[in-house]
Visitor: 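Here it is, the structure in full.
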Amino acid sequence: MADFTHYLNDCKFILVSNREPYEHLRGIQGVEVKQPAGGLVTALDPTMRRTHGTWVAWGSGNADREVSDETGRVAVPPGESCYTLRRVWLDEADVNGYYHGFANRALWPLCHMLIQHFEYRTEFWERYRAVNLRFAHAVADEAERCTGRAMAWIQDYHFALAPEFLRAMRPSLFINQFWHIPFPPADILRLLPSGTHEAVLRGLLGNDLLEFQIDRYAVNFLDCVEKFVPESRVDHVHQTVTFRDRVVHVGAFPISIDVDRFEGMASSPESQARVTTLRDRYAKGTRQLGVCVDRIDYTKGIPERIRALETLWAESPELRERFTFIFVCTPSRTDLPAYNALERDVFQSVIAINTQFGTRDWTPIVLINENVDSDLLAAVYRAADLCIVSSLQDGMNLVAKEFVACQVDERGVLLLSRFTGSAEEIEGAVLINPFNVDGFVAAIRTALEMSPDERKRRMRRMRRQLHNSTIFDWLDSILARSAEIMGAQHQPALA
Ligand code: ADQ
């Protein structure tokens, strides 16, 4: 794995995210440590180990306080002590207002333009402000502890206001932020009350560099700033904003996956054995196997996908017993009513389809409703003849990239929603509009009928692209750009 520490020189690296990389939990055996699964932690933890920096995050584990000092600091990984985890404490009202509230009920639906789910409450906003301020204080304190320069790298939409707070506390700290989800056009952002949408933009303008997944989101951000922050000056050509006598850089940095890891998992002998079992069961001879993998979230186009499958089996009886679909999903944000309703809806629809079309020997949709470990996931991706990603909006979508990385036999077709960041990056997928039922059904038919040569040609092309754009390339490009901007600032970036 590449070493990125040279970009930092002697600069202290402070990473900020909502979720922590290690959670201490009290179990029957005493305190246990859990490392949450997920691409970001897997990619950033090795980098943090090398930088010996600090990771600032919400201390969500029920034994976190027991093992942390009075400022919330604890050395991690346990037993190795390579870097510091600085925990920020949130009470129930904070979590409800900042996280479930403003982040997930206001910003998340708004950024995905699914405004029927948008909900604004003053209490959400006030908690979000207060928690962002608390995080900014923690980061400023961490910057203060080091003698030299420091760089803060903030993750995601949970912290739209923290950069501005932090800028006021530490004017010369280098601050950058990666926004993982789409950024909406101005007409959508202004659904936030007057004063609030401007505050979100001014908050983000506290950064030196603001990274989006694709150029379209960067363009939306610049348009919003131009409309709602009159005291700023936007340069659309260079993608910069001059604001309060500083230059804020904006750009596209598409996130990816650890391609070699997924390819390695898919190629292992255990995976090969699982693929043989899966194909014997579901894809023998001319039968075919489809797959999808999602958190159950209304942005992922799950009901639209189920409707397309239902229409396909209804209109093409010859495909019954010939095309089986493995539906891997995991419950998500179950504290929110919209997510519970969706989960119920998904399960009921799957049962209805299986009842309508299933036979004694054949179940159309095989539902796996759990968090599947990545080795099994890799085998399922490899075994499939097609994978459907039908998001209504999606910042990037890593499932599409995982499927491509695992397709070592180059037999699978990727059906990919036009409204994902990945669709603007990957060439070789069959693009779909999940709102267009007939077009969606026709695309599944196209995939099922595609010749082995055409499948191989498309998959090979996607795999080549993916190998040139891994999560390490993403990290490299962001840190290289940050180092470049820091160097050009002509001021000793003293934190
Ligand atoms: P997410 O909305 O979570 O991420 P995505 O990029 O698809 O969306 O990542 C989901 C991850 O969860 C994948 O790694 C997938 O394998 C895993 N996953 C889903 N269901 C699973 C299951 N049942 N079992 C095991 N693993 C499962 C947000 C943005 C995206 C953006 C990422 C990264 O919404 O657009 O791509 O961040 O920036």
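Atoms within each ligand, like the ligands themselves, are counted from 1 in listed order. Please read these numbers as outputs of a predicted model, since none were measured by experiment.
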Visitor: Should the proximity of Ser374 to ligand 1, defined as any heavy atom under 4.0 Å, be assigned to the side chain, the backbone, both, or neither?
Guide: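 No part of Ser374 comes within reach of ligand 1.
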Visitor: For Asp294, which part has a heavy atom under 4.0 Å from ligand 1: side chain, backbone, both, or neither?
Guide: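 Near ligand 1, Asp294 shows its backbone, while the atoms from C-beta on stay back.
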Visitor: Look at the rings of Phe178 and Trp474 and say which category their plane angle falls in: under 30° parallel, 30 to 60° tilted, over 60° perpendicular.
Guide: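 It falls in the perpendicular class, over 60°.
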Visitor: Taking Glu410 as the fixed residue, which of Arg458, Arg455, Arg460 is the one that meets the salt bridge (charged side-chain N to carboxylate O under 4.0 Å, His left out) rule?
Guide: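 Result for salt bridge (charged side-chain N to carboxylate O under 4.0 Å, His left out) with Glu410: Arg460.
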Visitor: Should you measure from each heavy atom of Asp394, which atoms of ligand 1 turn up under 4.0 Å away?
Guide: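 Counting atoms of ligand 1 from 1, those under 4.0 Å from Asp394 are 30 (C), 34 (O), 35 (O).
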Visitor: Relative to atom 1 (P) of ligand 1, which among Lys300, Gln393, His180 owns the nearest non-hydrogen atom?
Guide: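 Nearest option to atom 1 (P) of ligand 1, by heavy atoms: Lys300.
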Visitor: Less than 6.0 angstrom separating the ring centers of Phe221 and Trp179, yes or no?
Guide: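 Centroid distance Phe221-Trp179: not below 6.0 Å, so no.
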Visitor: Take every heavy atom of Phe262, measure it against each atom of ligand 1, and state whether any distance is under 4.0 Å.
Guide: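 False for this residue.
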Visitor: Would you say Met396 has any N or O atom under 3.5 Å from an N or O of ligand 1, going by distance alone?
Guide: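 Between Met396 and ligand 1, an N or O pair is found under 3.5 Å apart.
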Visitor: Looking only at heavy atoms, is any part of Ile255 under 4.0 Å from ligand 1, and if so is it the side chain, the backbone, or both, or is it neither?
Guide: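 It is the side chain that touches ligand 1; the backbone stays farther off.
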Visitor: Could you check whether Glu425 pairs with Lys401 (Lys NZ or Arg NE/NH1/NH2 to Asp/Glu carboxylate O, under 4.0 Å)?
Guide: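 Salt bridge present between Glu425 and Lys401.
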Visitor: Below 4.0 angstrom from a heavy atom of Gly395, which ligand 1 atoms are there? Numbered from 1 as shown, please.
Guide: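 Those atoms are 35 (O).
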Visitor: Does Phe327 have Arg305 sitting over its ring (NZ/CZ under 6.0 Å from centre, angle to axis within 45°)?
Guide: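 Cation-pi check for Arg305 and Phe327: passes.
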Visitor: Filter on side chain to side chain donor-acceptor pair (under 3.5 Å), then keep only pairs touching residues 380-389, sequence neighbours left out; what's left?
Guide: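 Applying side chain to side chain donor-acceptor pair (under 3.5 Å) to every pair that reaches into residues 380-389, excluding sequence neighbours, yields Gln272-Arg382, Arg279-Asp385, Tyr381-Glu402, Arg382-Asp409.
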Visitor: Would you call the rings of Trp313 and Phe323 parallel, tilted or perpendicular, where under 30° means parallel and over 60° means perpendicular?
Guide: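 Ring orientation of Trp313 relative to Phe323: tilted.
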Visitor: Look at atom 6 (O) of ligand 1 and find which of Leu398, Val399, Ile368, Asn371 reaches it with the closest heavy atom.
Guide: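 Answer by nearest heavy atom: Leu398.
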Visitor: If we set the cut-off at 4.0 Å for heavy atoms, which region of Trp108 has an atom near ligand 1: side chain, backbone, both, or neither?
Guide: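 Contact part for Trp108 vs ligand 1: side chain (C-beta onward).
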Visitor: Show me which atoms of ligand 1 lie under 4.0 Å from any heavy atom of Glu370.
Guide: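 Near Glu370, meaning under 4.0 Å from one of its heavy atoms, ligand 1 has 22 (C), 23 (N), 24 (N).
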Visitor: Among Tyr298, Tyr339, Trp108, find the one that has a ring pair (Phe, Tyr, Trp, His ring centres under 6.0 Å) with His117.
Guide: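 Answer to the ring pair (Phe, Tyr, Trp, His ring centres under 6.0 Å) test with His117 among Tyr298, Tyr339, Trp108: Tyr298.
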Visitor: For the 3.5 Å polar cut-off, considering only N or O atoms, please tell me whether Val293 and ligand 1 meet it.
Guide: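 No.
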Visitor: Does any N or O of ligand 1 fall below 3.5 Å from an N or O anywhere on His112, backbone included?
Guide: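 No; the residue has no nitrogen or oxygen that sits under 3.5 Å from a nitrogen or oxygen of the ligand.
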Visitor: Answer yes or no: does an N/O atom from Ile181 fall short of 3.5 Å to an N/O atom of ligand 1?
Guide: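 It does not: no N or O of Ile181 is found under 3.5 Å from an N or O of ligand 1.
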Visitor: Ligand 1 versus Arg295, non-hydrogen atoms closer than 4.0 Å: side chain, backbone, both, neither?
Guide: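 Under 4.0 Å from ligand 1, Arg295 contributes backbone and side-chain atoms.
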